[in-house]
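Would you mind keeping the following structure in view while I ask a few things?
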Amino acid sequence: MANSASGMAVVDECKLKFMELKAKRSFRFIVFKIDEKNLQIMVDRVGQPDESYDDFTACLPPDECRYAVFDFDFVTDENCQKSKIFFIAWSPDTSRVRSKMLYASSKDRFKRELDGIQVELQATDPSEMSLDIIKGRAL
């Protein structure tokens with residue numbers, strides 16, 4: 001179990017699931033949460049390869065913070081099939097202040113544990129991570 005600068009432990013399953021998403025494309029997305037009682041980051045939910053971006057956004061709670069990675073497939077202007085791995089820090093305005101602080105202080109260290117992140121996005125409401133924004137950041 002890795003330990004971050006904020007005193008936040010990262011459960012090994014987080015890195016293992018991320019490696020499966022990156023190398024084998026076993027998942028479309030992974031949502032992570034902080035267990036505030038045990039001060040550790042753990043896997044909250046994984047999305048199967050056939051799940052959509054709407055499935056992903058629907059599993060982010062409207063009033064709790066989460067970290068997430070999403071494997072976004074797209075076609076370039078040159079008609080090439082590509083994919084980029086997004087790291088999304090979900091911190092809705094309605095979440096508790098303590099929770100927002102915990103997620104903010106642990107984010108960079110946790111992101112470093114996940115080797116292969118290509119794009120980072122911070123969102124406080126769904127409009128800040130719409131599919132159009134994701135597409136724009138991918139190209």
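Fair warning: this is a prediction, and the values are worked out from it, not measured in the lab.
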Worksheet entry | Side chain proximity check, Glu20 to Val46, heavy atoms < 4.5 angstrom |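 The answer is no; the side chains never approach within 4.5 Å.
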
Discussion item. With heavy-atom distances below 4.5 Å as the criterion, would you say the side chains of Asp12 and Lys17 are in contact?
Written reply: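 Sidechains of Lys17 and Asp12: no contact.
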
Practice prompt. Locate the shortest heavy-atom distance separating Phe110 from Cys14; write the atom from each residue and the value.
Written response: CE1-CB, 4.2 Å

Discussion item. Would you say Phe56 ends up clustered with Val119 if hydrophobic residues are merged whenever their side chains have heavy atoms under 4.5 Å apart, either directly or through other cluster members?
Written reply: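 Linked within one cluster.
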
Discussion item. Taking Ile85's backbone N and O only, do any of them form a donor-acceptor pair with Gln118's side chain (distance below 3.5 Å, no angle check)?
Written reply: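 The answer is yes, because a donor-acceptor pair under 3.5 Å joins these two groups.
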
Worksheet item: To the nearest 0.5 Å, how far apart are CG in Asp73 and OH in Tyr53?
Response: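 It is 13.5 Å, given to the nearest 0.5 Å.
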
Practice prompt. For the residue pair Phe72 and Lys135, establish whether any side-chain heavy-atom pair is separated by less than 4.5 Å.
Written response: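 Answer yes - side chains close enough.
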
Fill in: Same apolar cluster (I L V M F W Y, side chains within < 4.5 Å links), Trp90/Val97
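They do not share one cluster, since no chain of ILVMFWY contacts under 4.5 Å joins Trp90 to Val97.
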
Item to complete: Quick one: do Ile41 and Asp35 satisfy side-chain contact (heavy atoms from CB on, under 4.5 Å)? Show the steps, please.
Response: CA-CA 6 Å; Ile41 300 171; Asp35 177 348; over 6 Å; no

Fill in: Ser83 versus Asp71, side-chain donor and acceptor atoms under 3.5 Å
yes

Worksheet item: Of all heavy-atom pairs between Ser26 and Gln48, which one has the smallest distance, and what is that distance?
Response: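 Looking at all heavy atoms of both residues, the shortest contact is O-OE1, 4.2 Å.
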
Discussion item. Check for me, please, whether Val31 and Leu114 land in the same ILVMFWY cluster - side-chain distances under 4.5 Å, paths through other members count.
Written reply: no

Discussion item. Any non-hydrogen side-chain atom of Ile134 less than 4.5 Å from a side-chain atom of Leu121?
Written reply: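 Yes, at least one pair of side-chain atoms sits under 4.5 Å.
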
Item to complete: Taking Thr76 for its side chain and Lys82 for its backbone only, find out whether a donor-acceptor pair lies under 3.5 Å.
Response: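 Not at all, since once roles are kept as given, no pair shorter than 3.5 Å links the two residues.
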
Fill in: From Glu13 atom CD to Ile30 atom CD1, the distance as rounded to the nearest 0.5 Å
9.0 Å

Enumerate donor-acceptor pairs with a distance under 3.5 Å from any side-chain N or O in residues 125-132 to protein atoms, sequence neighbours excluded.
residue, atom, partner, partner atom, Å
Asp125, OD1, Ser127, N, 2.8
Asp125, OD1, Ser127, OG, 2.5
Glu128, OE1, Thr124, N, 2.6
Glu128, OE1, Thr124, OG1, 3.0
Glu128, OE2, Thr124, OG1, 3.1
Ser130, OG, Ile133, N, 3.4

Worksheet entry | Donor-acceptor under 3.5 Å (Tyr103 side chain, Glu64 main chain) | no

Worksheet item: Quick one: does Ile117's side chain get under 4.5 Å of Val69's, heavy atoms only?
Response: yes

Fill in: Under 3.5 Å: donor-acceptor pair, side chain of Asn38, backbone of Gln40
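Side chain of Asn38 to backbone of Gln40, a donor-acceptor pair under 3.5 Å: no, none is there.
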
Worksheet item: Side chains of Phe29 and Cys59: closer than 4.5 Å at any heavy-atom pair?
Response: yes

Worksheet item: Just by distance, do the side chain of Tyr67 and the backbone of Lys107 share a donor-acceptor pair under 3.5 Å?
Response: yes

Item to complete: Work out which heavy atom in Ser91 is nearest to a heavy atom in Cys65; give both atom names and the distance.
Response: OG-SG, 3.6 Å

Discussion item. For the backbone of Phe74 and the side chain of Lys84, can you confirm whether one donor and one acceptor N or O come within less than 3.5 Å of each other?
Written reply: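 No, the answer is negative, given that no donor and acceptor are paired below the 3.5 Å cut-off.
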
Worksheet item: With a 4.5 Å limit on heavy-atom distance, are the side chains of Arg66 and Phe32 in contact?
Response: no

Worksheet item: When rounded to the nearest 0.5 angstrom, what is the spacing between CG in Leu60 and CG in Asp44?
Response: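 Answer for the CG-CG pair, Leu60 versus Asp44, is 9.0 Å.
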
Practice prompt. Tell me whether Phe27 is reachable from Phe86 by hopping between hydrophobic residues (I, L, V, M, F, W, Y) whose side-chain heavy atoms are closer than 4.5 Å.
Written response: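 Each belongs to a different hydrophobic cluster.
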
Worksheet item: Can any side-chain N or O of Ser99 pair as donor or acceptor with the backbone N or O of Ser95 at less than 3.5 Å?
Response: no

Practice prompt. Please confirm whether the backbone N or O of Asp115 pairs with a side-chain atom of Lys15, one donor and one acceptor, at under 3.5 Å?
Written response: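 No: the side chain of Lys15 does not pair with the backbone of Asp115.
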
Discussion item. Using modelled atom types and a 3.5 Å cut-off, is there a donor and acceptor pairing between side-chain atoms of Ser105 and backbone atoms of Met101?
Written reply: yes

Practice prompt. May I ask you to test the Met8-Glu36 pair for a side-chain heavy-atom distance under 4.5 Å?
Written response: no

